[in-house]
Amino acid sequence: MIERTLLMIKPDGVRRGITGEVISRVEQKGLKIVNIKKIRFDEALARKFYAVHRDRPFFNDLVAFVISGDVVPMIVEGDSAVAVVRRLIGPTNASEAPPGTIRGDFANSVQENAVHASDSAGNADYEISLIFG
Ligand code: IDP
Ligand code: MG
């Protein structure tokens with residue numbers, strides 16, 4: 001089934017210059033980037049974007065991190081795009097992410113893990129509308 005998902009390079013990934021590499025991997029997988037931009041989150045947007053985590057102990061740190069620099073969100077479309085992009089990025093804790101995944105290759109921290117990707121079609125709709133309108 002053709003789906004859309006939100007993939008976003010986080011501030012650590014933008015700072016380290018992996019934007020082109022992430023775009024390449026998405027394209028090499030046969031997925032289509034239908035929109036992409038570079039923006040900086042303000043605190044209100046960050047709190048909405050991560051609202052599902054508002055009761056977690058790491059919430060305030062996470063908000064501070066995601067507003068610490070530019071991010072590059074993109075809308076990715078393709079067959080089973082939500083699950084396929086999650087597999088491309090690898091598990092949340094980049095220190096445990098296998099080589100070959102974006103997090104496994106480009107990050108080594110549970111918080112500063114290079115990229116975000118929607119974890120369900122419903123959350124993809126929410127995140128895409130929040131960032132692309
Ligand atoms: P995901 O990004 O793989 O979907 P989530 O559990 O949705 O992971 O967490 C959102 C983000 O919050 C993670 O990508 C990471 O940046 C941060 N995070 C998750 N768990 C922790 C933690 O235990 N300590 C610090 N930051 C965390
Ligand atoms: Mg998540």
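For ligands, and for the atoms within them, numbers begin at 1 and follow the listed sequence. As the structure is a computational prediction, the values presented were derived from the model and not from experiment.
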Please tabulate, for the side chains in residues 89-96, all donor-acceptor contacts under 3.5 angstrom to protein atoms that are two or more places apart in sequence or on a different chain.
from	atom 1	to	atom 2	distance (Å)
Asn93	OD1	Ser95	N	3.0
Ser95	OG	Asn108	O	2.9
Ser95	OG	Asn108	OD1	3.2

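When each of Val34, Val22, Leu6 is tested with Met74 by the rule side chain to side chain contact (heavy atoms under 4.5 Å, CB included), just one qualifies, namely Val22.
Of all heavy-atom pairs between Val76 and Leu7, the closest is CG2-CB, 4.0 Å.
For the atom pair OG1 of Thr5 and CG of Leu31, the computed distance is 9.5 Å after rounding to the nearest 0.5 Å. Of the inter-residue distances, the one linking Phe65 atom CZ with Phe58 atom CZ reads 12.5 Å to the nearest 0.5 angstrom.
For ligand 1, the 4.0 Å heavy-atom shell contains residues Lys10, His53, Phe58, Leu62, Arg86, Thr92, Arg103, Val110, Gln111, Asn113.
If you chain together hydrophobic residues whose side chains sit under 4.5 Å apart, Leu88 and Ile33 fall into the same group.
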